[in-house]
Amino acid sequence: MTLEKQRLNITDRVVGKFSNGQINLFLENEQIGQMVSKGAESSFDLKTNYQYEDNNFYQYVDVPTKPDEKYVDCDDVNGWC
């Protein structure tokens with residue numbers, strides 16, 4: 001089994017919480033970054049594996065390339081499989 005990076009759109013699951021004068025961004029219970037405002041412009045400081053592009057948030061995850069593939073290692077000498 002091998003893994004490959006996949007980009008998931010998580011925009012609908014990202015929540016912003018205002019705290020100490022800044023907006024912190026969360027995916028479920030994990031803080032993934034914060035919104036940084038500079039006048040009329042806003043940007044996002046996100047953790048590794050997260051990206052903001054074209055008004056959407058994305059997460060990069062490792063997924064199996066063949067999820068149904070099974071690994072079986074039998075030991076015929078000791079009788080287990």
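For T11, the side-chain contact (heavy atoms from CB on, under 4.5 Å) criterion is met by N9, N56, F57, not counting sequence neighbours. For R13, the side-chain contact (heavy atoms from CB on, under 4.5 Å) partners two or more places apart in sequence, or in a different chain, are I10, L27, E28.
Residue pairs meeting the ring-ring contact (aromatic ring centres under 6.0 Å, His included) criterion with at least one partner in residues 15-37, sequence neighbours excluded, do not occur; the list is empty.
Summarising the geometry of S19 relative to N24, their closest heavy-atom pair is CB-ND2, 3.7 Å, with the distance given to 0.1 Å.
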Could you go step by step and tell me if V14 and I32 meet the side chain to side chain contact (heavy atoms under 4.5 Å, CB included) rule?
CA-CA 9 Å; V14 174; I32 63 168; 4.1 Å; yes
Check the pair N20 / Q22 against side-chain hydrogen bond (donor to acceptor under 3.5 Å, both in side chains), numbers first and verdict last.
CA-CA 6 Å; N20 298 325; Q22 64 186 21; over 6 Å; no
Determine, step by step, whether E4 and V63 satisfy the side chain to side chain contact (heavy atoms under 4.5 Å, CB included) criterion, reporting the C-alpha distance in whole Å, the side-chain angles of both residues, the deciding distance to 0.1 Å, and the verdict.
CA-CA 6 Å; E4 69 179 23; V63 294; 4.2 Å; yes
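For the ring-ring contact (aromatic ring centres under 6.0 Å, His included) with F44, the lone residue among Y50, Y52, Y58 that qualifies is Y52.
Contact annotation: the side chain of T2 never approaches that of P64 to less than 4.5 Å [non-hydrogen atoms, C-beta and beyond]. Considering only heavy atoms from C-beta on, L8 comes within 4.5 Å of V61 through its side chain. Residues Q51 and R7 meet the side-chain proximity criterion, which asks for heavy atoms closer than 4.5 Å.
When atom types are taken as modelled, the side chain of K17 and the backbone of I23 share no donor-acceptor pair closer than 3.5 angstrom.
In this structure, NZ on K47 lies 11.5 Å from CD on Q34, to the nearest 0.5 angstrom.
More than 12 heavy atoms of other residues, nucleotides or ligands sit less than 6.0 Å from atom CD of E53.
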